[in-house]
Amino acid sequence: MADEAVFLLLHNEMVSGVYKSAEQGEVENGRCITKLENMGFRVGQGLIERFTKDTARFKDELDIMKFVCKDFWTTVFKKQIDNLRTNHQGIYVLQDNKFRLLTQISAGKQYLEHASKYLAFTCGLIRGGLSNLGIKSIVTAEVSSMPACKFQVMIQKL
Amino acid sequence: MAVCIAVIAKENYPLYIRSVPTENELKFHYMVHTSLDVVDEKISALGKALVDQRELYLGLLYPTEDHKVYGYVTNSKVKFVMVVDASNTALRDNEIRSMFRKLHNSYTDVMCNPFYNPGDRIHSRAFDNMVTSMMIQVC
């Protein structure tokens, strides 16, 4: 049971560490969010390589998104994505009603303005995983009431 | 026991290529390059009847008079190509599969190394050692 807490605490420290080491001007510019997202990107690439080592080849994009929602999310956050919606034109919305990294922060609207910092790493994680599987995407997150959050994935068609 | 092993990125440039008799290297590079077309053909949807679509191991790509070329594609579209001596008839399919599995495991370890940038050539010594163990010993 202890292994969940380790990543949670490390992630919280990472966020505060990045913000503390940034200079005054950068905090407003959002460069810290970019740093966290890029960290998540590289981690996502490595993780996906390890997780897809033994799985069969994916048939199409929807197959890949379903893999992200079920196996990938289960291995990283010990639960599945609660809701996956798509418009079949390259936009996917992943909804998690009890996001592991936000449960300890608040149970409603308190601290809502700080939530984006804690979601940046996970956005990068999704983007890195998809990019290693051959899908270029943009991932954003929105929170209306913690700990539920939505990740929106926009696939870039080249 | 392989004669040449190559790891090719999804953009089709080599990340790692090594052959054992080092004098005829160019010939093996050319062979690996031509085998990429065969790999693409096998993974495209057109060749549905040829290969089980869900498998990562592609099998024998094409035989030449003294060499046989085998292929394997990962889910991240990284291709492994192995050239073996055609005279080595003792080498069975299972052994080739297990060699590719070892390659895939080592490649995953390289990918998770924080000092490795995805897309660069592979310089890892651990990967080199693993590949050396799979190549034939030439005195």
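Letters A, B, ... are given to chains in the order of the sequence lines, protein chains preceding strands, and every chain is numbered from 1.
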Quiz item: Around atom OH of Tyr111(A), are there more than 12 heavy atoms of other residues, nucleotides or ligands at under 6.0 Å?
Solution: no

Quiz item: Can you tell me if NE2 on His33(B) sees more than 12 non-hydrogen neighbours from other groups inside 6.0 Å?
Solution: no

Quiz prompt | Contact class of Arg42(A) relative to chain B, heavy atoms under 4.5 angstrom | solution = side chain

Quiz item: How far apart are the closest heavy atoms of Thr52(A) and Asn75(B), and which atoms are they?
Solution: O-ND2, 3.2 Å

Quiz item: What is the minimum heavy-atom distance between Arg50(A) and Cys112(B), and which atoms define it?
Solution: NE-SG, 3.4 Å

Quiz item: With no hydrogens and no angle check, do the side chains of Ser76(B) and Glu49(A) hold a donor and an acceptor under 3.5 Å apart?
Solution: yes

State yes or no: do [X] and [Y] share one hydrophobic cluster built from I, L, V, M, F, W and Y residues joined by side-chain heavy-atom distances below 4.5 Å, directly or via other members?
X	Y	result
Met135(B)	Val110(B)	yes
Val73(B)	Tyr62(B)	yes
Phe77(A)	Phe41(A)	no
Phe100(B)	Val7(B)	yes

Quiz prompt | Partner chain A: residue of Thr74(B), Asp109(B), Asn117(B) with the largest heavy-atom pair count (under 4.5 Å) | solution = Asp109(B)

Practice problem: Sort Asn105(B) into side chain, backbone, both or neither according to what part of it lies under 4.5 angstrom from a heavy atom of chain A. | Solution: both

Practice problem: Assess whether side chain to side chain contact (heavy atoms under 4.5 Å, CB included) is satisfied between Asn132(A) and Lys77(B), documenting all intermediate values. | Solution: CA-CA 8 Å; Asn132(A) 207 10; Lys77(B) 302 287 173 284; over 6 Å; no

Practice problem: Could you please spell out the steps behind the side chain to side chain contact (heavy atoms under 4.5 Å, CB included) verdict for Arg101(B) and Lys53(A)? | Solution: CA-CA 9 Å; Arg101(B) 271 245 77 86; Lys53(A) 202 161 51 131; 3.8 Å; yes

